[in-house]
4 protein chains.
Amino acid sequence: MTSPLDVVIRVDAAGVCRTDLHIVEGQWAEKSGVELPYIIGHENAGTVVATGDAVTNVREGDKVILHPLVTCGLCRACRDGDDVHCENSLFPGINTDGGMAEYLRTGARSVVKLDESLEPAAVAALADAGLTAYHAVRKAIPLLHAGSHAVVIGAGGLGHIGLQTLLALTPAEITIVDRSEQALAHATELGAHHVVAATGDHVEQVRDLTGGRGAHVVFDFVGEHGTEAEGVSLTRDAGSYYVIGYGGAVNIPTIDIISREISVVGNLVGSYNDLDELMTLAARGKVTLRTKTYSLDEVDTALDDLDEGRLPGGRAILVPSR
Amino acid sequence: MTSPLDVVIRVDAAGVCRTDLHIVEGQWAEKSGVELPYIIGHENAGTVVATGDAVTNVREGDKVILHPLVTCGLCRACRDGDDVHCENSLFPGINTDGGMAEYLRTGARSVVKLDESLEPAAVAALADAGLTAYHAVRKAIPLLHAGSHAVVIGAGGLGHIGLQTLLALTPAEITIVDRSEQALAHATELGAHHVVAATGDHVEQVRDLTGGRGAHVVFDFVGEHGTEAEGVSLTRDAGSYYVIGYGGAVNIPTIDIISREISVVGNLVGSYNDLDELMTLAARGKVTLRTKTYSLDEVDTALDDLDEGRLPGGRAILVPSR
Amino acid sequence: MTSPLDVVIRVDAAGVCRTDLHIVEGQWAEKSGVELPYIIGHENAGTVVATGDAVTNVREGDKVILHPLVTCGLCRACRDGDDVHCENSLFPGINTDGGMAEYLRTGARSVVKLDESLEPAAVAALADAGLTAYHAVRKAIPLLHAGSHAVVIGAGGLGHIGLQTLLALTPAEITIVDRSEQALAHATELGAHHVVAATGDHVEQVRDLTGGRGAHVVFDFVGEHGTEAEGVSLTRDAGSYYVIGYGGAVNIPTIDIISREISVVGNLVGSYNDLDELMTLAARGKVTLRTKTYSLDEVDTALDDLDEGRLPGGRAILVPSR
Amino acid sequence: MTSPLDVVIRVDAAGVCRTDLHIVEGQWAEKSGVELPYIIGHENAGTVVATGDAVTNVREGDKVILHPLVTCGLCRACRDGDDVHCENSLFPGINTDGGMAEYLRTGARSVVKLDESLEPAAVAALADAGLTAYHAVRKAIPLLHAGSHAVVIGAGGLGHIGLQTLLALTPAEITIVDRSEQALAHATELGAHHVVAATGDHVEQVRDLTGGRGAHVVFDFVGEHGTEAEGVSLTRDAGSYYVIGYGGAVNIPTIDIISREISVVGNLVGSYNDLDELMTLAARGKVTLRTKTYSLDEVDTALDDLDEGRLPGGRAILVPSR
């Protein structure tokens, strides 16, 4: 314990994320400034085993999912539902020890109690990937009235959570674009109104599906390899292009931004309250994940499977054996 | 210290409020459930003299104003900018020891650092009375476009802060109604666009000033003696009647509520962030108070002066001598 | 034609509403100021047969549902999505000739084109009753996050549209209260999460279902016979009591309004855009009505059936024979 | 007259705008598709001289300012306060005959009646340039609480209206950046809290003024020559970069958009209701313009003066002689 607000959990499940690959490759070395060795893993769920003196919201034995950040609760952002922009946050698994371990120390402000119906291994991957998708969709609710169009570019790990969230929170007509037939089939199963294979003339196909005018909101879960320009082009006048995936760049002449009066909206992971809401949807069966379980010792296999595309549409979850 | 998040302040100024009279009279005995003896005083400002181990936002020597509640920072409301509805709050001066004393214990989540230009004695009364008025006006911002009408009933302790806040935050056309000529003169000085003496035909006068249709928002800082009905009657169709003062009752046939599609909106004290914003306005000279200073020993005189109307338009402030 | 913006429709379906009974009984005589004889009927759908010179949005042969008001399009309200508060509106069936007839004159601003899948007789009753329920729920969207509670008092003609709209637009947990076992069974079928029979201890039952704290939003589709007090009591602190039904009165001490910081929100019929959105939900099968068809000659039978409770949970629709 | 909703005005004042230069140079030829010859002039105010049969909101002799678009009033956008995105609009002076003439035909939906205190020549230039600045600031109101920072890049024709609107509608702390000392002096006079000359290290200076974190909202009235990158860089995390000026391009890696969770927001001209609100501010003296008057015959001189920078901080207004 380093603070009376600390909470220690026994890790029951740690999601494996593409960001973990990037960390291992060294892409985050400079940005995080972390010293080696350290423990990765930022999608964690488990059981509370110890709490600091000032902790009042959980007790030993509680099953919890962890918000990815440890936040201060004192700055304006923390008080205003925007704890992701906490002025004093830590990010376990990125810039301090994370959850690919037996135990993890986090803060009282980061633990969301799980409904009895939810198992840590089933929801851990919602802690970051799912939460990001949820957050983007939730921000867009005021823009998505009945009769509006939402386009989702990329129906993989995040995108298919975005789809399920759109269905749960809005009456929008939803079109999914992806290169993978398997992802599109899954999207149809989940309830997408239209699916379009990204095979060349997909932009025109999507435009037609939106009455020739484009979508009120385009959610881009890819954010590279040209989806940036396609996403902007598929945004209707006065509409919004939501960026969630990354790797590329958005490049738009200012005359187009103003004459079409469009918005480009960045999206980071969601807030604690967002995560609490997402767990409500999960408990009701409105948001589900496909997962594959590995023991903690198999972490390298899990990372390899992810890296080499052997987990299409699913998430790898590490479960420490006991 | 009872918690690592405690902050102890030396009280430099404690506002005297009508609620203090009600407490002394016993009206709050049952509601607060407090045990006697205890210390009243819920509008406090001072200097930090000690902090618990988990406190990171203030240090010894900081001049601060205190949000009236001590909140948990962990419940949904606290995380969402609505700490006033914290599920685990204390209210020093109401249900635990308050600030009419040399020292006061509060929490790290309740201290707002003061700008160098602000003196505790000058702003203490904004901690509760002023904060309530600020909060009500801030909630109404989306309803008050240029060309809209705001009516303020009661330009006393809270109302004249409401007026100054309206001028600072909105372009609304503002009409003040009060029985006191002195209060109306002060309102005019502060920048009210119209003032109307509450002498019988004031409802008709105000209606005329709003083009015969009533106000987009009526702020009722009285809430008794008939202002409830007048306030509703002066609310235009699709408008809002904001209740801040209390003592009476709102009684409206449901057919009027629906056929006029009006809203009746309750207003409690503001959030921590609201108080921080109000201090910004105070530091810029946009919100000022008339105060009369008493030593801590003179508390009974201060309460008597308030009770017997010897403080028109001003606030009594207790300043411990050192 | 009296204006180049006139549209004449052949009436294909006219809903029979409780307000029609009140008109026949004379309750609206003074309020509407209409001269006898005139034609009632304010829930109309049909086919365009003629259009004025300035009409550009429909043409002869279009199937349409009619917004209940004929509005000016020039006042601030009309331009701002609030055409219900148009400063120059007419209300066919209330203060001018309505739709219980072969033909009806309305305005270009009042006609919503129907999706091919929708029949006038199936949707006519959504034009007023359904639109009111839709409007109330739509206003409440920002208050109803995942994990929030909505309570619906009264699951009859309007209430069961409110329920379907809540399910389509929000992730709220929904509790229905009604006296009729049949209405509750229907609500369960439509997807209500909880139903409670209004048989004495229902307020306590509902409070328990909301974790002891009451609902974030209570929708009162009754508004008389005591539901007003029950609805306020079931509203959680910082929550909202939405009034839709009428006949009684809301009576709340101002101290309760402010200490609980609750809002009482009136709700009238929805806007044109609301009706357009509701038709989108209807076309997707998200909102359905139970109807019983009568010929235009059978209007008296229809009114009697409604008056004497022979249409539980259903709506009478007049269909002119051709 | 071509429609019963037509309104003919005698032009009393027509603003000369940089867009007029671009039209004369041929830059708009393709985009507008207009046939030559035609009349330019899209910032118009005058007196109503004739009205079509369906016009109910103005009469002969009314002094009016003209919203730049002629809109249909029937599409979703027109009904929803967003008439700028009307699906069937005309733009007099751009794609049909405009106001540099004795008379101009417009529509009933485009005329805003002027307060008696306002002269057409004093406000005409607010019809497009001023309205654009007003619209951008109005959209940003929810983002600009007391204590927030607004940065205005470019304090020329639009920017200084933006500054005045910020002061009238928000409590934000305002920093102005411009290359012209004269423009900065004018900004200070109007009430800007800080002014910074764009002479090299201005980005660092502005960053310091915002506590090192950048602004909650950056309003870029230039939109070219590098302000695009500077504006993005001066936007704080979770903040917004509002684009109003144009000519350049916004180019941001998607990783920056998401990791900083910023929004890029396009801004076109404001709505009819926006213009009505702006006229309210003008009538109250909250928004003023510097103008130089020319007779209609002197149009070429006015265009030359504008082109050659002989109107710093002011607007050329054509006034037909009578």
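A, B, ... follow the sequence lines: proteins, then strands. Residue 1 opens every chain. Hydrogens, waters and symmetry mates are skipped; everything else that's a heavy atom, side chains included, is used.
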Any side-chain donor paired with an acceptor under 3.5 Å for [X] and [Y]?
X	Y	answer
D:D83	D:S271	no
D:R207	D:S233	yes
D:Y246	D:E224	no

Task: Minimum-distance pair of heavy atoms, taken over all atoms of A:T227 and A:Y241 - done: O-OH, 3.9 Å
- [ ] Give the member of D:H85, D:E261, D:R213 that has the highest number of heavy-atom pairs under 4.5 Å with chain A.
- [x] D:E261
Open item on the list: Let's test your reading of the structure: which of D:V269, D:V265, D:D82 forms the most heavy-atom pairs below 4.5 Å with chain A?
Closed with: D:V265
Task: Partner chain D: residue of A:D237, A:D220, A:V84, A:I244 with the largest heavy-atom pair count (under 4.5 Å) - done: A:I244
Task: Residue among A:A77, A:G147, A:S259, A:S240 with most heavy-atom pairs under 4.5 Å to chain D - done: A:S259
Open item on the list: Taking side chain as everything from C-beta outward and backbone as N, CA, C, O, which of these in D:I262 sits under 4.5 Å from a heavy atom of chain A? Side chain, backbone, both or neither.
Closed with: backbone
Task: A:E87 with A:R76: basic N within carboxylate O range, under 4.0 Å - done: no
